[in-house]
Number of protein chains: 2
Amino acid sequence: MSKTGDFTASTVMAKTARRVPQQVRGERRVAELLEAAAEVFAEAGYEAATMTAMAERAGASIGALYQYFPNKEAVVRALRAQYGEEMAARWTPLAAEASRLTVAELVDRMFEVMVEMMEAWPAYLTLLGAPGNYKRDPAARNRLREHFAEVFRQKRPQLGKEEAFRVANVALQLVKGMNPLYAEASAEERVELVREFKMALGGYLGARLGG
Amino acid sequence: MSKTGDFTASTVMAKTARRVPQQVRGERRVAELLEAAAEVFAEAGYEAATMTAMAERAGASIGALYQYFPNKEAVVRALRAQYGEEMAARWTPLAAEASRLTVAELVDRMFEVMVEMMEAWPAYLTLLGAPGNYKRDPAARNRLREHFAEVFRQKRPQLGKEEAFRVANVALQLVKGMNPLYAEASAEERVELVREFKMALGGYLGARLGG
DNA sequence: CTATAATATGAGGATGTCCTCAGATTTGTC
DNA sequence: GACAAATCTGAGGACATCCTCATATTATAG
């Protein structure tokens with residue numbers, strides 16, 4: 001059960017401490033490969049990220065990479081699954097307390113979550129929009145948007161479902177827009193940047209949801 | 001003078017009426033090729049847009065395409081030059097009257113301009129961020145941003161130069177963020193979409209520039 | 001220690017893209 | 001009509017990428 005290509009983060013994490021074998025085995029290798037792949041994706045972008053580069057960075061051969069992932073798309077799927085879990089872990093508690101927060105506070109928290117994700121997984125937003133993935137799992141495309149929409153409806157129950165979805169769509173796009181600038185910015189500029197984009201999203205949600 | 005690869009829009013337009021020859025010649029062929037290339041770029045994105053597809057769409061051979069453009073990058077450069085002129089033509093008058101407008105009106109006009117550009121040249125924003133182009137002309141990267149920054153400073157002279165640039169940067173990113181959603185949307189949805197993003201930019205600029 | 005299973009290796013096949021170039025076609029000129 | 005210049009053509013070279021697979025290495029169980 002630990003040999004075919006498609007791993008989720010939970011699968012990867014399931015392991016107990018044991019002495020390190022010479023040849024890197026199973027789950028640990030998968031984790032290494034995924035980490036290397038994430039780095040390459042983050043640095044080169046989806047198209048320019050080559051399987052060879054991923055394998056090299058992980059200290060493995062191309063063959064080994066293909067042992068665990070049948071193709072490039074599978075690597076992306078695995079990473080997205082991992083990111084999805086991470087995102088959900090941060091998002092669920094926020095959604096739970098959304099009704100108790102003002103719009104301004106909500107915006108703050110949303111940006112905190114996104115910034116954490118971007119710091120921890122620079123490839124996150126790069127891979128969110130990667131092509132060719134929605135064919136096999138069309139639902140994945142909307143998962144994050146639905147999270148957002150749900151929070152907004154909780155905040156303003158009078159919002160229609162479609163309307164909330166539209167608002168979520170725009171909000172998500174605003175946050176995504178921060179990514180390329182964020183990636184290039186220095187540490188201080190990043191603080192500035194987050195403040196600027198918070199204003200934008202705050203201004204939008206304030207006007208859209210009221211108060 | 002009409003044979004080496006790199007044309008700007010002004011070069012293309014310079015011609016007097018004359019009877020149409022059987023074989024498509026010079027400037028007209030360049031215009032055809034650029035138009036076809038723009039369509040391919042808009043539909044396929046930068047990476048997936050192939051030179052073969054551009055040539056085919058223009059009803060020419062690959063060889064003919066390479067007669068006018070030494071490489072793919074040159075095609076992009078020519079298109080960007082054309083778009084730059086178009087953008088400047090719309091932007092200059094707006095900048096001139098910026099000081100007489102409220103922030104809300106300014107936002108409206110800015111979106112009008114951007115929407116016009118996106119309707120007329122769907123490849124515009126795709127190519128703005130295309131890779132590999134800033135190496136030869138690093139200034140191109142900032143040209144549009146500087147236009148924006150100038151308008152903001154005209155509106156609020158107390159804004160520092162760098163600060164205005166930062167605001168421009170964010171504003172531009174907001175507008176760009178609309179593009180992928182815009183491209184997928186129906187005509188009615190587009191109206192909605194522009195309204196939503198106007199709120200976001202309006203909210204941001206309102207908070208940033210005041211009133 | 002041996003046998004079997006698990007894993008790793010990397011040359012190379014298949015494919016696709018950018019770009020070249022020698023030769024063919026068309027146009028313009030006298 | 002004849003010649004030169006401009007333009008077009010498309011097969012194929014060069015290269016890069018994804019992916020395969022026969023072979024080699026390492027781990028583990030009996």
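What's counted below: heavy atoms across the whole structure, side chains too, no hydrogens, waters or symmetry copies. Just so it is clear, the model here is predicted, and its values are computed rather than measured. Here is how names work: the chains are called A, B, and so on, in the same order as the sequence lines, proteins then strands, and each is numbered from 1.
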**Message:** What is the distance, to the nearest angstrom, from the CZ atom on F69(A) to the C1' atom on dC18(D)?
**Reply:** 16 Å
**Pairing residues for R90(B) by the side chain to side chain donor-acceptor pair (under 3.5 Å) criterion, not counting sequence neighbours** = E86(B), E116(B)
Extract from the structure each pairing of a protein N or O with an N or O of nucleotides 17-20 of chain C at less than 3.5 Å, listing the distance.
residue	atom	partner	partner atom	Å
dC18(C)	OP1	K72(B)	NZ	3.3
dC18(C)	OP2	M51(B)	N	3.1
dC19(C)	OP2	Y66(B)	OH	3.1
dC19(C)	OP2	K72(B)	N	2.9

**Request:** May I have all residue pairs that pass salt bridge (charged side-chain N to carboxylate O under 4.0 Å, His left out) and include part of residues 53-71 of chain B, sequence neighbours excluded?
**Result:** E39(B)-R57(B), E43(B)-R57(B)
**Message:** At less than 4.0 Å, is any side-chain N or O atom of R29(B) found next to OP1 or OP2 of dC8(D)? Yes or no.
**Reply:** yes
**Item:** Spacing of Y68(B) atom OH relative to dT9(D) atom P, expressed in whole Å
**Value:** 10 Å
**Message:** Here's one to test your reading of the geometry: is the NZ or CZ of K72(B) within 45 degrees of the ring axis of Y46(B) and under 6.0 Å from its centre?
**Reply:** yes
**Request:** State which residues pass ring-ring contact (aromatic ring centres under 6.0 Å, His included) with Y204(A); sequence neighbours excluded, sorted by chain then number.
**Result:** none
**Request:** Just jot down the side-chain contact (heavy atoms from CB on, under 4.5 Å) partners of R109(A), sequence neighbours excluded, or say none.
**Result:** L94(A), E97(A), L101(A), E112(A)
**Prompt:** Can you tell me how far C1' of dC8(D) sits from CG of L33(B), to the nearest Å?
**Reply:** 12 Å
**Asked** With sequence neighbours left out, what residues match V175(B) under side-chain contact (heavy atoms from CB on, under 4.5 Å)?
**Response** F111(B), M114(B), L201(B)
**Request:** Give the rounded distance in Å between these two atoms: CD of Q67(B) and P of dT25(C).
**Result:** 17 Å
